[in-house]
Amino acid sequence: MIEKLRTRAWDPGRRFDTASVPSAWITERYGADWFDRPNPDLRSTGSDGTVQLRSSTEEVASYYADAPRELLFPPVAMAEVEAVERKIGRRLPDVLRRIYTEVADGGFGPDGGLVSLREENRALGHLSNWPSALSVHERHRAAGVPASWLFLTGGGCTMSWHVSLLAVDNPVLLYDCTGWVPEWGETPHDGLSYATSSLRKWLWTWAEGGDIWREVLDQ
């Protein structure tokens with residue numbers, strides 16, 4: 001699995017669930033009528049003259065075929081992982097430790113991509129820093145989220161993916177921050193929408209090109 005994750009992390013067309021492709025290139029390569037045809041892989045059309053497509057599409061593979069293979073953020077040393085663990089007060093799952101030390105310091109993966117362990121990482125062309133695991137963890141703790149939930153990546157709108165650092169096999173939790181009301185005596189657990197059986201399963205699904213949302217939507 002680590003090798004599959006590494007391959008996707010280095011590929012600018014496949015490092016996320018979607019990839020940006022210039023509309024002009026689409027028109028030149030596939031014809032103007034491409035935009036008139038129904039396309040379930042088209043996620044959005046940007047004001048910057050690009051379209052967002054599922055990263056598994058032939059269009060994305062063709063456009064990024066000759067693009068340089070490089071990481072957004074290089075891996076960190078194990079000492080940096082351990083420093084984050086001391087601040088969080090929990091050991092990270094072994095597979096997550098390997099990802100951060102052998103694959104990359106976030107910047108790839110499901111949905112918006114895994115958070116970084118380092119602070120102030122900024123991808124080329126981005127106007128803001130990449131989310132930091134520690135910063136997000138501290139912000140969520142202040143909002144009442146259990147300290148044993150580690151933020152992995154955003155899930156869109158008010159949803160986010162976390163991994164449990166205490167439960168057996170480290171299930172991944174889909175959490176809606178608006179899904180619970182403290183005044184009603186509810187806790188963040190009432191905002192849980194879905195949980196995988198393990199972090200490894202969640203990562204395997206994505207590494208092999210699967211859709212981590214499929215089980216959620218099939219519930």
Side-chain angles (χ1 to χ4, degrees), residues 1-21 39-44 51-61 64 71-73 92-100 102-117 123 130-133 136-137 140 145-146 148-179 188-189 191-219:
M1 180 178 70
I2 292 296
E3 189 56 41
K4 286 179 178 288
L5 291 172
R6 186 180 292 116
T7 298
R8 290 200 67 173
W10 279 86
D11 186 336
R14 299 184 64 240
R15 66 168 53 109
F16 301 117
D17 287 333
T18 63
S20 179
V21 177
N39 189 343
D41 294 318
L42 177 62
R43 290 294 178 260
S44 64
V51 293
Q52 286 288 323
L53 296 169
R54 283 182 59 87
S55 59
S56 58
T57 62
E58 186 274 333
E59 291 92 338
V60 169
Y64 287 96
L71 295 170
L72 285 187
F73 311 119
L92 299 188
D94 287 343
V95 66
L96 210 51
R97 285 175 136 222
R98 290 194 64 190
I99 285 171
Y100 282 115
E102 299 178 32
V103 181
D105 183 23
F108 79 98
D111 275 334
L114 298 176
V115 289
S116 295
L117 295 189
W130 202 259
S132 154
V136 176
H137 188 72
H140 284 184
V145 176
S148 60
W149 293 8
L150 180 69
F151 177 80
L152 293 172
T153 185
C157 297
T158 59
M159 310 294 283
S160 55
W161 296 94
H162 298 249
V163 59
S164 172
L165 301 180
L166 287 183
V168 175
D169 292 330
N170 306 112
V172 174
L173 317 171
L174 181 60
Y175 167 63
D176 183 353
C177 67
T178 64
H189 287 85
L192 289 181
S193 300
Y194 166 82
T196 65
S197 58
S198 71
L199 173 62
R200 183 171 291 275
K201 176 186 176 183
W202 188 76
L203 290 168
W204 256 117
T205 297
W206 186 83
E208 295 190 318
D211 184 356
I212 60 169
W213 281 92
R214 180 46 50 201
E215 287 188 24
V216 181
L217 299 175
D218 287 346
Q219 288 187 104

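None of these values were measured; they are calculated from a predicted model.
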| Quick one: does Leu150's side chain get under 4.5 Å of Leu96's, heavy atoms only? | yes
| Can you name the closest pair of heavy atoms from Val60 and Ala19 and give their distance? | CG1-CB, 3.8 Å
| message | Distance check, rounded to the nearest 0.5 Å: Trp130 atom CH2 versus Asp105 atom CG? | response | 11.0 Å
| Heavy-atom side-chain contact between Phe108 and Ile99 under 4.5 Å | yes
| request: Search all heavy atoms of Ser55 against all heavy atoms of Phe16 and return the closest pair with its distance. | output: OG-O, 2.9 Å
| message | So, applying side chain to side chain contact (heavy atoms under 4.5 Å, CB included) with Phe151, which one of Val145, Val136, Leu114 is it? | response | Val136
| remark: Taking every heavy atom of Gly155 against every heavy atom of Asp111, the minimum-distance pair comes out as CA-OD2, 3.4 Å
| query | Within a strict 4.5 Å, meaning less than it, do heavy atoms of the Tyr194 and Trp161 side chains meet? | reply | yes
| Minimum heavy-atom separation for Arg8 to Gly209, with atom names? | NH1-CA, 3.9 Å
| said: Return the CG to CG distance between Asp17 and Asp211, rounded to the nearest 0.5 Å. | reply: 7.0 Å
| request: Measure the CG-OG distance between Asn170 and Ser198 for me, rounded to the nearest 0.5 Å. | output: 8.0 Å
| said: Name the residue from Leu152, Leu203, Thr196 that meets the side chain to side chain contact (heavy atoms under 4.5 Å, CB included) definition with Val163. | reply: Leu152
| query | Is Glu59 close to Val21 at the side-chain level, that is, under 4.5 Å between some pair of heavy atoms? | reply | no
| note | For Val103 and Ala9 the tightest heavy-atom approach is CG1-CB, 3.9 Å
| message | Around atom CZ of Arg97, are there more than 12 heavy atoms from other residues, nucleotides or ligands closer than 6.0 Å? | response | yes
| Leu5 side, atom CG; Trp204 side, atom CH2 - distance, nearest 0.5 Å | 8.0 Å
| query | Does Asp41 offer a backbone N or O that forms a donor-acceptor pair with the side chain of Asn39 under 3.5 Å? | reply | yes
| message | Would you say that Arg200 contacts Pro93 through its side chain, given a criterion of any heavy-atom pair below 4.5 Å between the two side chains? | response | no
| Are Leu53 and Leu42 side-chain neighbours, meaning at least one heavy-atom pair lies under 4.5 Å? | yes
| task | Check Leu166, Leu165, Leu173 against Trp149 for a side chain to side chain contact (heavy atoms under 4.5 Å, CB included) and give me the one that passes. | result | Leu173
| Atom OG of Ser193 and atom CG of Asp176: how far apart are they, to the nearest 0.5 Å? | 5.0 Å
| message | Quick one, Met1 with Val95, criterion side chain to side chain contact (heavy atoms under 4.5 Å, CB included). Give me CA distance, side-chain angles, the key distance, then yes/no. | response | CA-CA 9 Å; Met1 180 178 70; Val95 66; 3.2 Å; yes
| query | If you take all heavy atoms of Gly112 and Thr153, which pair is closest and at what distance? | reply | N-OG1, 3.4 Å
| message | What verdict does the side-chain hydrogen bond (donor to acceptor under 3.5 Å, both in side chains) test give for Arg214 and Thr205, after you've listed the backbone C-alpha separation in whole Å, the side-chain angles of each residue and the deciding distance to 0.1 Å? | response | CA-CA 10 Å; Arg214 180 46 50 201; Thr205 297; over 6 Å; no
| request: To the nearest 0.5 Å, tell me how far Met159 CE sits from Trp213 CH2. | output: 5.0 Å
